[in-house]
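Both counts, for ligands and for their atoms, begin at 1 and track the order of listing. Note that the coordinates shown come from a computational prediction; the quantities given were computed from them, not determined experimentally.
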Amino acid sequence: MKQLLGAHTSTSGGVSKAIERAEKLGFTAIQIFTKNNNRWFAKPLDEKEIESFQVSLADSKIKFIVSHDSYLINLCASNPELLEKSRKAFIDELERCELLGILYLNFHPGSHTGRGEEEGIKVIAESINIAHNKTKGYKVSSMLELTAGQGTAIGYKFEHIAKIIDLVEEKERMSVCIDTAHIFAAGYDIRTPEVYKNTMEEFDKIIGLDKLKCFHINDSKKELGSRVDRHEHSGKGFIGKEGFANIMNDKRLEIIPKILETPKGKEQLEDIENLEVLKSLII
Ligand code: ZN
Ligand code: MN
Ligand code: MN
């Protein structure tokens, strides 16, 4: 079967423009921001833009779209004002996805900024429950991304993610994204068939493979267990081609979309090159 592959794609000029760009680049899966990712809020999406997004999407070869939320959002901020703002902005992100018909909102769990991991995990789940209660019946899934564990980031252990989902009331609205650069930096090795198998078995045991809906297929500029989040082009970092070959040839994960978040210029030609590397690994 043909795997769904693509990259984070610019929405400059409007969300529908991302579809055009992705089509030209030959992507079948993409990630976008539905608003400026460095801003808290944006003006609502207008109806024409929503329609042209949906029309272009239906006409395209793109079979999977995920939205990444704003980098400012921290669902377990210890500052009450920041927490409040984050919760509002997260609900807004869910609403934008729902309007566009995007089925996954990817987000980093949060950084506890001093309150500790256990408390942070509880506050994240509470934030998600609040958001879900305010968006009853929405189709969009809240997709937790595994992190590198930089600073006080939560989500660098499979157990963190499992615990959050356990505390969320509407579990069917939860899904998970593995960022390969993040889990590698967090200490989960995938470079040989043996360690890859162990890592995925652990994921399945602790979180459940049924929850896995997306890969951020990034190589890592930093070493195993470094807890530093730096993405590198496919095969050129510490994970290397062998590591990606394990994922690309894992039959169980063939249907999971794989999306690049690696450095690129405006034309995104680096994405094409990286996807060629990944495809070449499929035996
Ligand atoms: Zn992310
Ligand atoms: Mn990522
Ligand atoms: Mn990252």
Side-chain angles (χ1 to χ4, degrees), residues 4-11 18 27 29-39 64-76 86 89-90 93-94 96-97 102 104-111 124 127-128 140-158 160-161 164 174-188 190 203 207 211-234 236-239 243-244 247 253 256-264 268 270-271 274-275 278:
L4 297 179
L5 300 172
H8 187 100
T9 299
S10 162
T11 52
F27 300 164
I30 60 167
Q31 176 171 276
I32 61 168
F33 297 122
T34 65
K35 48 178 274 299
N36 184 322
N37 64 309
N38 287 314
R39 296 253 176 94
F64 181 88
I65 299 198
V66 50
S67 167
H68 196 301
D69 78 342
S70 165
Y71 293 148
L72 301 174
I73 293 174
N74 180 3
L75 294 179
C76 64
S86 293
F90 186 73
E93 297 268 3
L94 286 170
R96 296 175 83 88
C97 286
I102 295 175
Y104 296 94
L105 175 65
N106 179 81
F107 63 104
H108 300 193
S111 292
I124 292 162
S127 297
I128 297 169
V140 55
S141 170
S142 301
M143 189 156 77
L144 285 161
E145 178 173 354
L146 269 303
T147 66
Q150 198 167 286
T152 63
I154 287 169
Y156 63 91
K157 281 187 180 155
F158 296 161
H160 294 171
I161 301 293
I164 294 167
M174 300 303 294
S175 50
V176 177
C177 170
I178 290 184
D179 184 316
T180 49
H182 292 177
I183 65 163
F184 184 77
Y188 293 103
I190 56 170
F203 181 97
I207 299 173
K211 282 272 177 278
L212 180 64
K213 299 297 175 193
C214 184
F215 272 104
H216 285 165
I217 195 111
N218 308 313
D219 208 333
S220 176
K221 258 195 174 71
K222 300 288 167 178
E223 285 189 68
L224 179 73
S226 63
R227 303 265 299 263
V228 180
D229 179 4
R230 296 280 182 281
H231 303 185
E232 181 58 282
H233 295 291
S234 310
K236 292 189 176 152
F238 282 97
I239 296 176
F244 291 108
I247 296 179
L253 306 180
I256 311 294
K258 298 168 180 87
I259 295 172
L260 292 163
E261 291 176 310
T262 38
K264 67 192 75 178
Q268 295 187 226
E270 299 85 346
D271 289 338
N274 284 323
L275 289 180
L278 293 171

Restricting to N, O or S atoms of His216, which is nearest to the Mn ion (ligand 2)? ND1

Is the distance between the ring centroids of Phe238 and Phe184 under 6.0 Å? no

Check: Phe215 ring centroid to Phe244 ring centroid under 6.0 Å: no

Over 60° means perpendicular and under 30° means parallel, so tell me whether Phe33 and His8 are parallel, tilted or perpendicular. tilted

Taking N, O or S atoms only and a limit of 2.8 Å, check whether Asp179 reaches the Mn ion (ligand 3).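 Checking the Mn ion (ligand 3) against Asp179, no N, O or S atom falls under 2.8 Å.
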
When you draw lines from the Mn ion (ligand 3) to OD2 of Asp229 and to NE2 of His182, what angle lies between them, to the nearest 10°? 90°

Does one side chain, of His231 or Asp229, offer a donor that lies under 3.5 Å from an acceptor on the other?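 There is such a pair between these side chains.
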
Look at the N, O or S atoms of Cys177, main chain and side chain alike, and state whether any lies under 2.8 Å from the Zn ion (ligand 1).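 Looking at Cys177, which is the residue asked about, there is no N, O or S atom under 2.8 Å from the Zn ion (ligand 1).
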
Using the Mn ion (ligand 2) as the apex, give the angle to atoms OE1 (Glu261) and OE2 (Glu145), rounded to 10 degrees. 170°

With rounding to the nearest 0.5 angstrom, report the OG1 to CG distance, Thr262 to Asn274.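 These two atoms lie 4.5 Å from each other.
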
As an exercise, state the distance from CG of Leu94 to CG of Asp69, rounded to the nearest 0.5 Å. 9.0 Å

Measuring from the Zn ion (ligand 1), name the closest N, O or S atom belonging to Glu145. OE1

Hey, which N, O or S atom on His68 ends up closest to the Zn ion (ligand 1)?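 Distance check against the Zn ion (ligand 1) picks out NE2 in His68.
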
